[in-house]
S.K.: 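This is the structure, below, for whatever I ask next.
Atoms within each ligand, like the ligands themselves, are counted from 1 in listed order. Not measured: the values here are computed from a predicted model. Computed from heavy atoms alone, side chains included, the values below leave out hydrogens, waters and symmetry copies.
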Amino acid sequence: MTSQSETNWAGNLTYSAARLHRPKTTTHLQDIIRHSRKVRALGSRHSFNTIADTPHDLISLEHFDKIGTVDTERSQVTIGGGVRYGQLCRQIDHAGFALPNLASLPHISVAGACATATHGSGDGNGNLATAVVGLEMISADGDLITLTKEQDGDQFLGAVVGLGGLGIITKLTLQLVPAFNMRQDVYEYLPLEQLENHLDVITGSGYSVSLFTAWRKGLIEQVWVKRRVDIPFVGRDFFGATSAEIDLHPIRELSPIHCTAQMGVPGAWYDRLSHFRLEFTPSSGEELQSEYFIPRHNALAAFRAMYEMGDQIAPLLQISEIRTIAADNLWMSPCYQQDCVAIHFTWHKDWAGVRQLLPLIEARLIPLAARPHWGKLFTVSAKQLQPLYPKLPAFRHLLEQYDPQGKFRNPFLEQTIFAGS
Ligand SMILES: Cc1cc2nc3c(=O)[nH]c(=O)nc-3n(C[C@H](O)[C@H](O)[C@H](O)COP(=O)(O)OP(=O)(O)OC[C@H]3O[C@@H](n4cnc5c(N)ncnc54)[C@H](O)[C@@H]3O)c2cc1C
């Protein structure tokens with residue numbers, strides 16, 4: 001147990017918790033939860049807001065890092081609540097399996113990512129939480145609870161993107177797919193007009209497609225297309241964009257040394273789906289992030305709004321990324337029952353400036369039914385947020401059922417989920 005100041009990955013947040021625990025056994029974990037008044041799990045600390053924070057006891061699951069043997073009959077693996085994607089990917093790949101998708105960085109914990117509906121890209125790919133088929137957690141009174149997709153219907157759908165509010169997850173079971181190889185090709189300077197005319201073809205041109213833009217000059221600076229190598233390659237011409245001649249970082253001026261291989265070089269799924277290499281471990285980041293999920297039918301209106309704001313956005317922006325995510329049935333997922341286009345912003349580390357700008361961006365995007373990323377920075381009020389989630393009242397009941405005393409409730413949940421209830 002430690003009590004010195006602990007910060008998140010970006011260093012923009014010092015957790016207010018009085019204590020940080022690192023239990024090694026389930027019994028010890030149960031004991032901490034039973035004796036705490038306010039408690040939260042801490043993942044790999046990659047969230048930018050206060051979602052993980054609590055005034056009393058933070059619990060790191062870093063010692064819950066066991067990865068079970070792959071159940072080859074069911075194509076499933078059960079992992080500890082502290083496992084990170086990087087560890088997991090290599091092990092399941094050795095067994096001939098893959099995860100359907102990954103986020104931009106492989107260093108994030110699986111439980112923390114699923115709790116906030118972290119996602120990658122791909123028209124046919126759900127967010128990372130959609131791979132969960134079972135979970136084990138310790139509830140507020142210290143009991144061990146298991147929920148499965150097969151047996152627990154609505155309770156399961158409500159619990160997977162649980163925002164850390166239902167309990168501390170000790171195990172997750174994930175549905176796998178057969179391992180596959182991919183290639184990654186980068187194209188430069190896609191005219192916005194082409195995106196407006198061919199959005200579906202462009203985002204559907206690979207297994208996972210990311211568009212990087214600074215919202216200037218009517219251009220998308222880079223398009224990263226990740227294709228399975230077993231699907232024929234369409235060629236070098238890409239809607240007026242040119243094939244990059246060298247490896248690129250999404251921010252052109254930066255070295256691509258830490259990026260996963262490009263230029264069509266084939267490689268394992270986990271070494272292409274993430275943008276950044278596993279071997280590169282960034283311990284902290286000089287950035288802030290925000291992201292909004294827009295129903296796909298409103299995507300073009302959202303892009304136009306952001307290009308109109310290009311001059312206001314530019315001074316604070318490092319780069320924006322546009323990705324697509326398939327609809328799912330997880331209650332608190334921003335893609336609940338709607339295919340989405342996500343607009344992400346990597347900001348300079350200037351919270352004073354970003355805090356002024358976000359309400360202006362949100363004033364353009366919320367009328368388009370945009371839902372903010374649970375783990376990134378936003379200023380949307382509970383009044384604006386709550387109507388965007390049809391299952392939010394049911395989720396609130398679920399939180400009250402699993403945690404009647406509000407042990408896992410923190411200021412973030414009070415402000416987003418419970419305000420006005
Ligand atoms: C460099 C960088 C790149 C990123 N890339 C992407 C991206 O590509 N796509 C995307 O969607 N997001 C991305 N994110 C955001 C990130 O994936 C989310 O914020 C995610 O929730 C972080 O997971 P974490 O393990 O760090 O959890 P934390 O930030 O530590 O915690 C997040 C939430 O998960 C809960 N939690 C963690 N572990 C458990 C557990 N065992 N049981 C119960 N609850 C738990 C916490 O209580 C908290 O509520 C990125 C962030 C960074 C810093």
Side-chain angles (χ1 to χ4, degrees), residues 6-13 15 17 20 23 29 33 39-54 57-65 79-85 101-121 125 127-129 132 135-139 159-172 208 210 250 258 273-276 280-293 318 321 323 325 332-335 340 342 344 346 372-377 402-403 408-410 412-413 416-417:
E6 300 280 345
T7 65
N8 66 344
W9 174 87
N12 66 311
L13 172 73
Y15 297 112
L20 171 64
L29 173 60
I33 297 174
V39 59
R40 297 284 290 188
L42 185 62
S44 51
R45 309 180 184 207
H46 284 90
S47 294
F48 290 85
N49 59 30
T50 56
I51 189 168
D53 201 15
T54 179
D57 295 288
L58 269 177
I59 304 183
S60 162
L61 276 272
E62 65 195 56
H63 295 301
F64 288 66
D65 59 353
I79 61 170
V83 168
R84 297 179 187 226
Y85 280 99
N101 212 0
L102 292 173
S104 62
L105 198 72
H107 309 93
I108 296 169
S109 92
V110 181
C114 294
T116 64
T118 288
H119 63 99
S121 192
N125 297 323
N127 68 49
L128 306 190
V132 177
L135 58 87
E136 179 191 274
M137 64 183 178
I138 314 288
S139 67
V160 177
V161 179
L163 313 182
L166 289 159
I168 306 243
I169 290 168
T170 44
K171 283 184 188 165
L172 283 172
S208 163
S210 286
H258 300 309
L273 280 174
S274 285
H275 299 331
F276 298 101
F280 158 62
T281 309
S283 57
S284 68
E286 278 307 306
E287 64 189 61
L288 300 175
Q289 296 185 8
S290 305
E291 190 165 26
Y292 300 90
F293 299 78
Q318 297 199 41
E321 181 178 7
R323 289 178 278 187
I325 309 102
M332 297 313 289
S333 161
C335 302
C340 283
H344 161 92
T346 299
H373 193 301
W374 290 114
K376 301 187 182 180
L377 296 165
Y402 279 90
D403 180 21
F408 297 116
R409 263 202 223 181
N410 61 359
F412 181 91
L413 288 186
T416 52
I417 306 299

S.K.: Ignoring hydrogens and angles, state whether a donor on the side chain of Glu287 or Gln289 is under 3.5 Å from an acceptor on the partner side chain.
M.R.: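 There is such a pair between these side chains.
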S.K.: What residue and heavy atom of the protein are closest to atom 47 (O) of ligand 1, and at what distance?
M.R.: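 It is Ala41 O, 2.6 Å.
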S.K.: N/O of Glu287 under 3.5 Å from N/O of ligand 1, yes or no?
M.R.: no
S.K.: Applying a 4.0 Å heavy-atom criterion (strictly less than), which segment of His373 is in contact with ligand 1: side chain, backbone, both, or neither?
M.R.: side chain
S.K.: Do you know which two heavy atoms are closest between Phe408 and Ser139, and how far apart they sit?
M.R.: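 Looking at all heavy atoms of both residues, the shortest contact is CE1-C, 4.0 Å.
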S.K.: Numbering the atoms of ligand 1 from 1, which are under 4.0 Å from a heavy atom of Ala103?
M.R.: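 Taking each heavy atom of Ala103 in turn, ligand 1 has 7 (C), 8 (O), 9 (N) under 4.0 Å.
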S.K.: I need the nearest protein heavy-atom contact for atom 32 (C) of ligand 1: residue, atom name and distance, please.
M.R.: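 Among all protein heavy atoms, the one nearest atom 32 (C) of ligand 1 is Ser47 OG, 3.4 Å.
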S.K.: Looking only at heavy atoms of His275, does any of them come nearer than 4.0 Å to an atom of ligand 1?
M.R.: no
S.K.: Check His344 against ligand 1 and report side chain, backbone, both or neither, counting heavy atoms closer than 4.0 Å.
M.R.: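 The answer is neither.
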S.K.: Give the numbers and elements of all ligand 1 atoms closer than 4.0 Å to a heavy atom of Ile168.
M.R.: 42 (N)
S.K.: May I ask whether Phe48 has any heavy atom positioned less than 4.0 angstrom from an atom of ligand 1?
M.R.: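 Yes; Phe48 lies near enough to ligand 1 that a heavy-atom distance drops under 4.0 Å.
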S.K.: What protein heavy atom is closest to atom 18 (C) of ligand 1, reported as residue, atom name and distance in Å?
M.R.: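 Checking every protein heavy atom, the shortest distance to atom 18 (C) of ligand 1 gives Thr118 OG1, 3.4 Å.
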S.K.: Students often mix this up, so state it plainly: with edges at 30° and 60°, are the rings of Trp374 and Phe412 parallel, tilted or perpendicular?
M.R.: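 Ring orientation, 0 to 90° scale: perpendicular.
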S.K.: Judging by distance only, is a nitrogen or oxygen of Ile169 under 3.5 angstrom from one on ligand 1?
M.R.: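 Yes, Ile169 has an N/O under 3.5 Å of an N/O on ligand 1.
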S.K.: At a 4.0 Å threshold, what atoms of ligand 1 neighbour a non-hydrogen atom of Ile108?
M.R.: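 Answer, ordered by atom number: 4 (C), 17 (O), 22 (C), 23 (O), 50 (C).
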S.K.: How does Arg323 reach ligand 1, if at all, at less than 4.0 Å between non-hydrogen atoms: by side chain, backbone, both, or neither?
M.R.: side chain
S.K.: Looking at Ser109, which atoms of ligand 1 are within less than 4.0 Å of one of its heavy atoms?
M.R.: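 Once the distances to Ser109 are compared, the set is 25 (O).
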S.K.: Can you tell which part of Leu163 has a heavy atom less than 4.0 Å from ligand 1: side chain, backbone, both or neither?
M.R.: backbone
S.K.: Heavy atoms only: which of Gly167, Ala111, Gly165 is nearest to atom 43 (C) of ligand 1?
M.R.: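 Checking each option, the heavy atom nearest atom 43 (C) of ligand 1 is found in Gly167.
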S.K.: Can you report which non-hydrogen protein atom sits closest to atom 31 (O) of ligand 1, along with the distance?
M.R.: Ala52 CB, 3.8 Å
S.K.: Please could you name the atoms of ligand 1 that Gly81 approaches to less than 4.0 Å, counting only its heavy atoms?
M.R.: 41 (N)
S.K.: Of the non-hydrogen atoms in Thr116 and Ser47, which two are nearest, and what is the gap between them?
M.R.: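 Heavy atoms only, the tightest pair is CG2-OG, 4.5 Å.
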S.K.: Side chain of Asp53, backbone of Asn410: donor and acceptor closer than 3.5 Å?
M.R.: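 Pair absent, no side-chain N/O of Asp53 close to backbone of Asn410.
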S.K.: What residue and atom, counting heavy atoms only, is the protein's closest point to atom 51 (C) of ligand 1, and at what distance?
M.R.: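 Looking only at protein heavy atoms, the one closest to atom 51 (C) of ligand 1 is His46 O, 3.4 Å.
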S.K.: Search all heavy atoms of Leu20 against all heavy atoms of Ser60 and return the closest pair with its distance.
M.R.: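 For Leu20 and Ser60, the tightest heavy-atom pair comes out as CD1-N, 4.0 Å.
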S.K.: For ligand 1, is any non-hydrogen atom under 4.0 Å from Leu61's backbone (N, CA, C, O), its side chain (CB onward), both, or neither?
M.R.: side chain
S.K.: Hey, is the main chain of Lys376 close enough, under 3.5 Å, to the side chain of Ser290 for a donor-acceptor pair?
M.R.: no
S.K.: Identify the closest protein heavy atom to atom 5 (N) of ligand 1: which residue and atom is it, and at what distance?
M.R.: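 Its nearest protein heavy-atom neighbour is Ser104 OG, 3.0 Å.
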S.K.: Classify the contact between Trp374 and ligand 1 as side chain, backbone, both or neither, using a heavy-atom distance cut-off of under 4.0 Å.
M.R.: neither
S.K.: Relative to each other, are the rings of Phe293 and His373 parallel, tilted or perpendicular (30° and 60° limits)?
M.R.: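 Plane angle between 30° and 60°, so tilted.
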S.K.: Any atoms of ligand 1 less than 4.0 Å from a non-hydrogen atom of Ala115? List them with their elements.
M.R.: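 Within the 4.0 Å cut-off of Ala115, ligand 1 contributes 34 (O), 35 (C).
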S.K.: At under 4.0 Å between heavy atoms, which part of Arg40 makes contact with ligand 1: side chain, backbone, both or neither?
M.R.: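 Side chain only.
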S.K.: If you compare all heavy atoms of His63 against all heavy atoms of Pro23, which two are closest, and at what distance to 0.1 Å?
M.R.: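 Nearest heavy atoms, His63 then Pro23: CB-O, 3.5 Å.
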S.K.: Which option out of Gly80, Ala10, Gly112 puts a heavy atom nearest to atom 27 (O) of ligand 1?
M.R.: Gly112
S.K.: So for ligand 1, is Trp9 a polar contact partner (N or O within less than 3.5 Å, distance only)?
M.R.: no
S.K.: Return the residue, atom name and 0.1 Å-rounded distance of the protein heavy atom closest to atom 2 (C) of ligand 1.
M.R.: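 Going atom by atom, the protein heavy atom closest to atom 2 (C) of ligand 1 ends up being Gln289 NE2, 3.5 Å.
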S.K.: Which residue owns the protein heavy atom closest to atom 15 (C) of ligand 1, what's the atom, and how far is it?
M.R.: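 Scanning the protein heavy atoms, the shortest distance from atom 15 (C) of ligand 1 goes to Lys376 CE, 3.7 Å.
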S.K.: Does ligand 1 have an atom that lies less than 4.0 angstrom from a heavy atom of Met137?
M.R.: no
S.K.: Taking 4.0 angstrom as the limit and counting only heavy atoms of Gly375, give me the atoms of ligand 1 inside it, by number and element.
M.R.: 19 (O)
S.K.: May I ask which of Thr116, Leu105, Leu42 has a heavy atom nearer to atom 21 (O) of ligand 1 than the others do?
M.R.: Thr116
